[in-house]
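Taking it in order: structure first as structure tokens, then the write-up.
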Amino acid sequence: MAISVPSRQLFIDGEWREPVHRKRIPIINPATEEIIGDIPAATAEDVEVAVDAARRALSRNRGRDWALASGASRAKYLRAIAAKIIERKSELARLEAIDCGKPLEEAAWDMDDVAACFEYYAELAEGLDAKQKVPVRLPMETFKSHVVKEPIGVVGLITPWNYPLLMAIWKVAPALAAGCAAILKPSELASITCLELGEVCREVGLPPGVLNIVTGLGPEAGAPLASHHHVDKIAFTGSTATGSKIMTAAAQIVKPVSLELGGKSPIVVFEDVDLDKAAEWTIFGCFWTNGQMCSATSRLIVHESIAAQFLQKLIIWVKNIKVSDPLEEGCRLGPVVSGGQYEKIMKMISVAKSEGATILSGGRRPQHLKRGYFIEPTIITDVDTSMQIWREEVFGPVLCVKTFRTEEEAIELANDTHYGLASAVISNDLERCERMTKAFQAGIVWVNCSQPCFCQAPWGGNKRSGFGRELGEWGLENYLSVKQVTRYISNDPWGWYPPPSKL
Ligand SMILES: NC(=O)C1=CN([C@@H]2O[C@H](COP(=O)(O)OP(=O)(O)OC[C@H]3O[C@@H](n4cnc5c(N)ncnc54)[C@H](O)[C@@H]3O)[C@@H](O)[C@H]2O)C=CC1
Ligand code: BAL
Ligand code: NA
């Protein structure tokens, strides 16, 4: 069934608005390289209008319509949005698959996760009401103190293309639950489903300006958000280079940021594993989402005693992955998102080769696919720790492999990176898994698996993978500001200064 891409404008103040400069950016289907539509290209002028709409949404009816409304009343909107997403699930999944190349079944799974994330933050919004005015115990009886949690204000949410709607919702749902007003700037490489979220918000009657969706290029639409004086916080997911630019811009006006950046995460496989189970988690950990995950466990560190056998297993599993158009039944690996990413990944593979690494499997365009940005699932061995392929994020279906002898050596290899997002260990010895868990320098540890992600648990990294945590109750705190209220309850005067003599 052919699917047509809706033609949308920017979603600002509850309505569709043409960008001031009337520019548009073509949408390319990475499986066919065809232009399938276009998205509006916002500039600083549109960001200005969106920020103004967001500020008005916060102060409308003295804040009672949104920021100061009960969490329970905001939760109703979040639940209504979740229901609409489920209603439109198959259409949204198809739109996402043709926009970013994600296998259709994965895209459908993401839509379930999107709805679940809205539902989860609806629950947390309801819980927020009971968490207001929590007393703080003080050491002086003459004072009483309590804490109020308030929305941070207007937030700018800048998101990537690998999970186009889900990464946006990890930010939008808690921001709205907290009572913030948001401006979402999705990636220009995959914005279709984020624009459809605008239509969903209109249909459920979300108050105007609470969520604004401003598509466009990073430097033109993202940068003005990051530096805007009336945006109170920026939450960003994307590359470390862009994260650093955003932090620099925000620092000029001491605007808080939370950054979820790249990774080069390890998966350590010990000698006591079931080889098939370990092989499946290893390939899922690196090739799911076409290998385009910030948390991809793209460095395999395998015990030398099983390495040869394990690599043979991996090759068999990898050859069984169906690489095809994302809409084809059973597809498990689609194209990477763009021509630019295709070139970048191919270059990294060829640099690895020229540095002396061996391409054990894959490394090319699949023979049966003449068009589209397809890359075979690739396994690279004979890797040195100084090589680019070991050190830099590929963001594509490329796994590099090293072996280890001792647990200490495995830990050293695992932590041999500037990044610190995720890590995984596969072993039947749970005490060993516990030791590895403590030793990993990363915000996320998977034991006997890699990648499953639940919106209840915190998500985020250390080192150059960024800081701050999304999801769970930590995700809500990202959008709340804590106000202490301290009251003097004694009838006695304070008595620090000698009272002036009574004239
Ligand atoms: N950690 C993650 O989830 C992601 C990491 N990446 C990494 O980044 C590499 C390049 O991909 P890109 O799409 O170029 O990622 P990017 O980090 O440049 O883009 C992410 C978002 O930031 C926006 N942006 C770009 N420049 C900006 C600026 N100066 N100010 C404000 N916003 C800006 C983009 O428009 C997009 O919405 C990938 O190869 C991968 O290594 C990419 C996407 C997601
Ligand atoms: N799997 C959730 C987000 C990411 O890895 O990019
Ligand atoms: Na696209």
Side-chain angles (χ1 to χ4, degrees), residues 5 25-39 41-42 47 95-102 106 109-110 113 156-164 166-168 170 184-194 214-227 234 236-250 257 259-265 285 288-289 291-298 335-345 348 373 392-396 419 421-422 444 450-455 459-461 464-466 470-471:
V5 177
I25 301 168
I27 304 169
I28 295 170
N29 177 347
T32 61
E33 301 179 39
E34 280 164 6
I35 294 178
I36 53 173
D38 53 27
I39 56 166
V47 169
L95 287 171
E96 191 136 303
I98 59 174
D99 199 5
C100 75
K102 195 182 278 268
E106 284 186 23
W109 186 357
D110 283 4
D113 284 353
L157 315 175
I158 304 179
T159 57
W161 39 258
N162 53 341
Y163 293 80
L166 187 59
M167 288 305 104
W170 282 15
L184 168 65
K185 208 305 273 172
S187 168
E188 60 277 22
L189 294 178
S191 288
I192 303 178
T193 48
C194 283
V214 172
T215 52
L217 300 175
E220 291 181 9
L225 257 186
S227 60
I234 294 285
F236 171 75
T237 298
S239 64
T240 300
T242 301
S244 167
K245 280 187 203 158
I246 285 174
M247 196 173 166
T248 303
V257 292
L259 302 176
E260 208 273 73
L261 308 176
K264 191 76 191 176
S265 302
W288 188 37
T289 315
Q292 303 168 128
M293 295 171 284
C294 48
S295 55
T297 41
S298 56
V336 298
V337 74
S338 66
Q341 285 299 113
Y342 178 86
E343 295 301 332
K344 178 191 149 183
I345 297 162
M348 287 183 89
Y373 309 124
E392 288 180 24
E393 180 172 54
V394 178
F395 229 71
Y419 292 112
L421 184 56
I444 299 151
S450 176
Q451 303 308 319
C453 179
F454 300 92
C455 65
W459 182 273
R464 288 187 207 168
S465 292
E470 302 198 277
L471 299 184

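Whatever order the structure lists them in is the order used to number ligands and atoms, beginning at 1.
Atom CE of Met247 is separated from atom CG of Leu261 by 9.5 Å, given to the nearest 0.5 angstrom.
Shown in contact with Glu188 at under 4.0 Å from a heavy atom are these atoms of ligand 1, numbered in order with element: 34 (C), 35 (O). The Gly222 neighbourhood of ligand 1 comprises atoms 30 (N), 31 (C), 32 (N), with distances under 4.0 Å to a heavy atom of that residue. In summary, the atoms of ligand 1 found under 4.0 Å from a heavy atom of Phe236, numbered by their order in the structure, are 17 (O), 20 (C), 21 (C), 22 (O). Those atoms of ligand 1 that come under 4.0 Å of a heavy atom in Ala223, given as number and element, are 30 (N), 31 (C). Interface atoms of ligand 1 facing Pro160, defined by a heavy-atom separation under 4.0 Å, are 43 (C), 44 (C). Atoms of ligand 1 found under 4.0 Å from any heavy atom of Glu393, numbered from 1 in the order shown, are 7 (C), 40 (C), 41 (O).
Contacts of Gln292 with ligand 2, taken as heavy-atom pairs under 4.0 Å, are absent altogether. Under 4.0 Å from ligand 1, not a single heavy atom of Met293 appears. Contact annotation: for Lys344 versus ligand 1, heavy atoms closer than 4.0 Å belong to the side chain alone. For Pro186, every heavy-atom contact with ligand 1 shorter than 4.0 Å involves the backbone, none the side chain. Residue-level proximity to ligand 1 for Asn162 is carried by the side chain, the only part with a heavy atom below 4.0 angstrom. Residue contacts with ligand 2, taken as heavy atom pairs separated by less than 4.0 Å, involve Asn162 solely via side-chain atoms from C-beta onward.
The protein heavy atom nearest to atom 10 (C) of ligand 1 is Gln341 OE1, 3.8 Å. For atom 2 (C) of ligand 1, the closest non-hydrogen atom of the protein is Cys294 CB, 3.5 Å. Closest protein heavy atom to atom 40 (C) of ligand 1: Phe395 CG, 3.3 Å. Of all protein heavy atoms, the one lying nearest to atom 12 (P) of ligand 1 is Trp161 NE1, 3.7 Å. Taking atom 26 (N) of ligand 1 as the reference point, the nearest protein heavy-atom neighbour is Thr242 CG2, 3.5 Å. Distance from atom 36 (C) of ligand 1 to its nearest protein heavy atom, with residue and atom name: Thr159 O, 3.4 Å. Considering only non-hydrogen protein atoms, atom 5 (O) of ligand 2 sits nearest to Ser295 OG, 2.7 Å. Looking only at heavy atoms of the protein, atom 1 (N) of ligand 2 is closest to Tyr163 OH, 3.2 Å.
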>> Pair Ser450, Thr297 - check side chain to side chain donor-acceptor pair (under 3.5 Å), show working.
In response: CA-CA 7 Å; Ser450 176; Thr297 41; 2.8 Å; yes

> When you look at Thr215 and Glu188, which way does the side chain to side chain donor-acceptor pair (under 3.5 Å) test go after all the steps?
Replying inline: CA-CA 7 Å; Thr215 52; Glu188 60 277 22; over 6 Å; no

>> Pair Tyr373, Glu343 - check side-chain contact (heavy atoms from CB on, under 4.5 Å), show working.
In response: CA-CA 9 Å; Tyr373 309 124; Glu343 295 301 332; over 6 Å; no

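Heavy atoms of Trp170 approach ligand 2 to within less than 4.0 angstrom. Within the structure, the closest approach of Gly243 to ligand 1 does not fall below 4.0 Å when heavy atoms are considered.
Judged purely by atom type and a 3.5 angstrom limit, Ser187 has no side-chain atom pairing as donor or acceptor with the backbone of Pro160.
Looking at Gly238 next to ligand 1, an N or O pair under 3.5 Å apart turns up. Ligand 1 has an N or O atom lying under 3.5 Å from an N or O atom of Leu261, backbone or side chain. Polar contact with ligand 1: absent for Lys245 (N/O pair, distance under 3.5 Å). Ligand 1 has no nitrogen or oxygen under 3.5 angstrom from a nitrogen or oxygen of Thr237.
Of the candidates Ala296, Ser239, Ser465, the one placing a heavy atom closest to atom 17 (O) of ligand 1 is Ser239. For atom 6 (O) of ligand 2, the candidate residues are Gly263, Gly238, Cys294, Ser265; the nearest heavy-atom contact is made by Cys294.
Less than 4.0 angstrom separates atom 14 (O) of ligand 1 from none of the non-hydrogen atoms of the protein.
In this pair, Trp109 and Trp288 present their aromatic rings tilted. The plane angle is within the 30 to 60° band.
Taking the six-membered ring for Trp, Trp459 and Phe454 have ring centres at least 6.0 Å apart.
Annotation: cation-pi pair Lys102/Tyr163 present, NZ/CZ under 6.0 Å from the ring centroid and within 45° of its normal.
Geometry note: the Na ion (ligand 3) is the vertex, Ile28 O and Leu189 O are the arms, and the angle is 160° (rounded to 10 degrees).
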